[in-house]
Amino acid sequence: MSATEPVVVEQEKPPGPWLENWRHFAANRGALAGLAVIVVITVLALLAPWVAPHAPHEQFRDALLLPPAWSAGGDARFLLGTDDVGRDILSRLLFGARLSLLVGAIVVTLSLAVGITLGLIAGFFRGTVESLIMRLMDILLALPSLLLAIAIVAILGPSLANAMVAIAIVVLPHYVRLTRAAVIAETSKDYVIASEVAGAGLLRQMFVNVLPNCMAPLIVQATLGFSSAILDAAALGFLGLGAQPPTPEWGTMLADARQFIQRAWWVVTFPGVAILVTVLAFNLMGDGLRDALDPKLKR
Amino acid sequence: MLSFVLRRVGLLVPTFIGVTLIAFALIHLIPGDPIELLAGERGIDPARHAQLMREMGFDQPLWQQYLNYIGAALQGDLGRSIKTREPVLTEFFTLFPATIELSLCAMLFAVVIGLPVGILAAIRRGSVFDHTVMGVSLAGYSMPIFWWALLLILVFSVNLGWTPVSGRIAVAYFVEPVTGFMLIDTLLAGDTDAFASALHHLVLPSIVLGTIPLAVVARMTRSSMMEVIREDYIRVARAKGLSQTRVILVHALRNALIPVVTVIGLQIGTLLAGAILTETIFAWPGVGKWLVDSISRRDYPAVQGGILLVAAVVMLVNLLVDMLYGLINPRIRHAR
């Protein structure tokens, strides 16, 4: 019956924090540039089937290893040139953007979901459960992330899906540690005790009361996690342990292109530029978010 | 100090057990059993299969197998590589100096450039130089190093012909391995040409591997230096009339270095992981390349042993860094 009450409370809440955070964020030109680049890449990735001049797997037998359109011998049909089997590099990059963003999104979602849950559990149930979870995370942290990802892929077998699972596992400790630390800081505050006295159940305490107040560091980590996921997936693809050819994944494209380094600089250059620009954009945005969301840096 | 060391070592034990569990699980989680793996594509007849399973202890319960594995591992027996039939431990330590040599040079590159650049950026905060350093280091931090390596090869090896494309030394030289470190071995042999060749081969891989640590060191030095410069004792030092150089290099740098040393230590793990990519690209005969090759030829004992050993090295280095940290920063030592 009283279910409408919280709604009323919600409406009265001023839109302040969002606007305030946005102002802080927008004051950082680098962060804005990062956001702009991410928006452009996302739009291009979503519209890839319509924007890309050719299909990613379409082979033009009359146009093998053509240089970019602006250089001598280039063809206006292939703006960034073609690879060794006559596929349009621009089109492959555009479709590759879909994969990279998908990898980032899935890895971040997976690691956030599992990491937040484990972190909440560790923060709420102290003692044995906590030390069990945290020691497990210490083990994951003891191994260099790429090495651990390689070990996991060695077990699961090389594919893009397995690479994503591996990367999500590798980055897990960061989310668990952040959530736990934030939860421990929050649970000693008055509002948590008040709602416990008011009869809030454990799940309500965890997910409705405490979690929203722990989100700031998690949002920053998630943004940075996007860039490291894209980078790691490309590295695994490059080592032949991620996406398999002929998938137009950026790292896999680079692995294919290695043998043509002496003859065709464009096959090697552009996929790397795509990775660098995307990763840089996410890092810029992450830095900006950290500055905007960290109360210590606000003043 | 002793209790600090003991506490840190004590924390390592559960972590190390966990790493052995991962390495142990590796061989049991991959599809097919170890004997089928050893037999390869040819297959093996069931009777011989059962006999081998018994001989190698694979018929025992898992916990028993794990204990056997740990027992053997602690005595340095990590099994034999399927490809070379060599003990994994021997193979690892033959290749390890190459990785250390490369990692040290990469770290040297990162510190020699990163420290002064970070200090200068902190002193000239807000200047064009500062902004450039921050921008470039963020780009370096975002760099896909496998691509960076290809790009450098393209420019310096293919186009300019300044540096070799791959390997540790030109094939014309044969140097008797004594320490395993090519730079030292060539000097021991008194062959300066070979030394020059080895140095030549180290340049590009070191730059590539050192790029991310360089970015991290520069950023860390800058932010730590900026914090220290604001302290009262720096103002006092300036008020005493000390020169800018002395204030920065003697008074500020010492304290600013504490977090930088930690970061450098923590970068070792990143270096070893980065070495996997760098060594693969430059055909550098170290443990990183060996590990990737082992995975691609499904040499699981080698993969298993390699992962365990690399993890052990990283943990050991982190322990050393922690102790060094305690040594240079007494506050840590006494905190609980």
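Computation of the quantities below employed the complete heavy-atom set of this structure, encompassing side-chain atoms and omitting hydrogens, waters and symmetry-equivalent molecules. In what follows, chains carry the letters A, B, and so on, assigned in the order in which the sequence lines appear, proteins first and then strands, with residues in each chain numbered from 1.
Here salt bridge (charged side-chain N to carboxylate O under 4.0 Å, His left out) pairs that include residues 240-265 of chain A, with residues two or more places apart or in two chains, number zero. The ring-ring contact (aromatic ring centres under 6.0 Å, His included) pairs that include a residue from residues 134-153 of chain A number zero, where partners must be two or more places apart or lie in different chains.
Options B/Leu138, B/Val314, B/Leu12 differ in how many heavy-atom pairs under 4.5 Å they form with chain A, and the most are formed by B/Leu138. Chain B forms more heavy-atom pairs under 4.5 Å with one residue of A/Ser228, A/Gly157, A/Ala235, A/Pro271 than with any other, namely A/Ala235. Contact count against chain B (heavy-atom pairs under 4.5 Å) is highest for A/Leu231 among A/Leu231, A/Asp138, A/Thr278. Highest contact tally toward chain B, considering only A/Ile230, A/Leu239, A/Val277, is held by A/Leu239 [criterion: heavy-atom pairs under 4.5 Å]. For the set A/Leu156, A/Thr269, A/Ile275, the count of heavy-atom pairs under 4.5 angstrom toward chain B peaks at A/Thr269. Note on B/Val303, B/Val292, B/Leu150, B/Leu151: by heavy-atom pairs under 4.5 Å with chain A, the leading option is B/Leu150. When B/Val158, B/Leu271, B/Thr15 are compared by the number of non-hydrogen pairs under 4.5 Å with chain A, B/Thr15 comes out ahead.
Other residues, nucleotides and ligands place no more than 12 heavy atoms under 6.0 Å from the CZ atom of B/Arg125.
Between the CG atom in B/Leu95 and the CD atom in B/Glu91 there is a gap of 6.5 Å [rounded to 0.5 Å].
The one candidate from B/Phe146, B/Trp148, B/Trp147 that meets the ring-ring contact (aromatic ring centres under 6.0 Å, His included) condition with A/Phe238 is B/Phe146.
With A/Thr252 contributing its side chain and A/Pro248 its backbone, the two residues share no donor-acceptor pair below 3.5 Å. For the pair B/Trp162 (side chain) and B/Val155 (backbone), a donor-acceptor distance under 3.5 Å is absent. Of the possible donor and acceptor atoms, one in the side chain of B/Ser157 sits under 3.5 Å from a partner among the backbone N and O of B/Thr163.
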Between side-chain atoms of residues 140-154 of chain A and protein atoms elsewhere (two or more places apart, or another chain), which donor-acceptor pairs fall under 3.5 Å?
none

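Contacts between B/Ile295 and chain A at a heavy-atom distance below 4.5 Å involve the side chain alone, from C-beta outward. Heavy atoms closer than 4.5 Å to chain B are found in the side chain of A/Asp287, but not in its backbone.
A perpendicular orientation is assigned to the rings of B/Phe96 and B/Phe93, their planes being inclined by more than 60° (bins at 30° and 60°).
Residues from residues 16-25 of chain B that place a non-hydrogen atom less than 4.5 Å from a non-hydrogen atom of chain A comprise B/Gly18, B/Val19, B/Ile22, given in numerical order.
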